[in-house]
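Beneath this line is the structure, given in structure tokens, with notes to follow.
Excluded from the calculations below are hydrogen atoms, water molecules and symmetry mates; all remaining heavy atoms, backbone and side chain alike, are included.
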Amino acid sequence: MSEREMMRAVVARGYGGPEVLQIVDVDIPEPGVGQVRIKVEAAAVNPVDLATRSGALVEAGLMAPREITGMGWDVAGEIERLGPDVDGFTAGQKVIGLRDLLDVSLGAYADYVVLDATAVAAAPTGLSAVEAATLPLNGLTAAQSLDLLELSENDTLLVTGANGAVGGFAVQLAAQQGVRVIAQGSDTDFLRSVGARWTLPRDADLVVEARRLVPGGVHAALDTAGAGIRALAAIRNRGRFVTVVGGPDPAPLRGITVHHEWIHADGKALARIAEQKLTTRVADTLPLHAATEAHTRLAAGRFSGRLVLTP
């Protein structure tokens with residue numbers, strides 16, 4: 001009988017503070033039909049990980065309670081094994097991917113992760129694995145939000161929380177489409193450097209300031225900061241609004257179309273994102289066994305980039 005192949009993984013036992021995170025030794029998972037096994041080189045730490053660990057997602061009805069929950073959505077690494085019926089990928093290929101299932105016992109905080117091939121894309125050239133690991137969750141959220149907004153060249157877009165990960169990618173992707181962006185955030189130099197046409201401070205009166213810059217109101221708004229009705233009021237009649245923030249959505253006043261973006265894995269969209277020249281931001285890297293420290297640091301303060309775990 002062959003010796004079992006084991007790996008390390010970070011899981012949450014129950015729900016609570018960072019202390020519920022544990023490193024466990026588990027069998028290396030086998031890829032099934034249409035799946036690939038990735039040797040993890042980097043896994044980003046995101047606010048949704050904190051919400052998963054704390055039990056907030058259970059309380060919100062977004063996942064069922066579990067005794068053991070796998071942690072981590074974003075991964076960058078190398079395909080180590082292909083499951084049956086996988087086309088378009090090869091063993092040894094550098095890739096990025098997204099694990100978007102909440103009710104699982106293993107996530108991307110691990111030595112290996114198995115993903116559906118449809119959730120994976122070739123890694124972007126010119127980026128390290130650590131940098132690339134910041135793209136899937138936040139880049140896809142931004143791209144899918146922009147798809148809902150259906151913007152055309154020279155349209156105007158207000159992005160709240162633009163210094164955040166989703167907001168920062170949204171500013172870049174929209175600007176590259178020829179959209180004129182008003183970015184609300186504290187780091188105006190960064191926002192201008194990635195394509196914002198105008199910037200507003202975090203405490204700006206969105207209605208007054210956005211309508212001053214764009215008389216009649218912007219065509220659309222992407223709310224990543226929970227501005228809600230204040231961002232909606234900056235939009236012209238029959239415009240479009242997308243939020244990525246939990247809680248009740250604003251009413252569709254004045255004929256404004258209101259959407260809530262719920263992220264889903266999409267390898268083809270991820271491939272398009274990987275081909276674009278996006279500025280990524282990494283606050284720090286930590287070893288896999290420091291996941292508890294990473295969660296503590298993320299909860300304690302604001303970051304201009306992601307914390308990334310490296311097995």
When clusters are formed from ILVMFWY side-chain contacts under 4.5 Å, directly or step by step, what else is grouped with [X]?
X	result
I79	V36, I38, V40, V75, L82, V86, F89, V95, V113, L115, V120
V282	V130, V308
M6	none
V104	L101

Show me the side-chain donor-acceptor pairs of residues 164-174 shorter than 3.5 Å, one per line, residues at least two apart or across chains.
from	atom 1	to	atom 2	distance (Å)
Q172	OE1	T279	N	2.6
Q172	NE2	G168	O	3.3
Q172	NE2	T279	O	3.2

Residues E209, R212; criterion salt bridge (Lys or Arg N to Asp or Glu O under 4.0 Å); working and verdict: CA-CA 5 Å; E209 294 302 320; R212 176 181 61 82; 2.8 Å; yes

Counterpart residues, salt bridge (Lys or Arg N to Asp or Glu O under 4.0 Å), relative to D189 (two or more places apart): none

Sequence-distant partners of D111, salt bridge (Lys or Arg N to Asp or Glu O under 4.0 Å), two or more places apart: R8

All pairs passing salt bridge (Lys or Arg N to Asp or Glu O under 4.0 Å) where residues 70-85 contributes a residue, at least two apart: E30-R81, R37-E80, E78-K94

Within residues 245-270 or reaching into it, pairs that qualify as ring-ring contact (aromatic ring centres under 6.0 Å, His included) - sequence neighbours excluded: H260-W262

Pairs involving residues 190-245, ordered by first then second residue, that meet ring-ring contact (aromatic ring centres under 6.0 Å, His included) (sequence neighbours left out): none

D27 (side chain) donor-acceptor with P29 (main chain) under 3.5 angstrom: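 Absent.
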
D187 side chain vs N163 backbone, donor-acceptor pair below 3.5 Å: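 No, because the side chain of D187 does not come within donor-acceptor range (under 3.5 Å) of the backbone of N163.
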
Side chain to side chain contact (heavy atoms under 4.5 Å, CB included), paired with R240, selected from V218, L148, D155, I256: D155

Spacing of T69 atom OG1 and D103 atom CG [to the nearest 0.5 Å]: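 It is 7.5 Å, given to the nearest 0.5 Å.
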
Transitive ILVMFWY side-chain link L146 to L232, under 4.5 Å: no

Same apolar cluster: V181 and L191, side chain cutoff 4.5 Å: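 Yes, same cluster.
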
Is the closest side-chain heavy-atom distance between [X] and [Y] below 4.5 Å?
X	Y	answer
L286	R297	yes
L135	P124	yes
Y112	L106	no

Show me, pair by pair, the donor-acceptor contacts under 3.5 angstrom made by side chains of residues 199-206, not counting sequence neighbours?
from	atom 1	to	atom 2	distance (Å)
T199	OG1	R192	NH2	3.2
D205	OD1	V207	N	3.2
D205	OD1	V208	N	3.2

Which pairs would a plain distance check flag for residues 17-24, meaning a side-chain donor or acceptor within less than 3.5 Å of a matching protein atom at least two apart in sequence or in another chain?
from	atom 1	to	atom 2	distance (Å)
E19	OE2	G17	N	3.3
Q22	OE1	R13	NE	2.7

Heavy-atom pair with the smallest gap, counting every atom of P84 and P31: CD-O, 4.3 Å

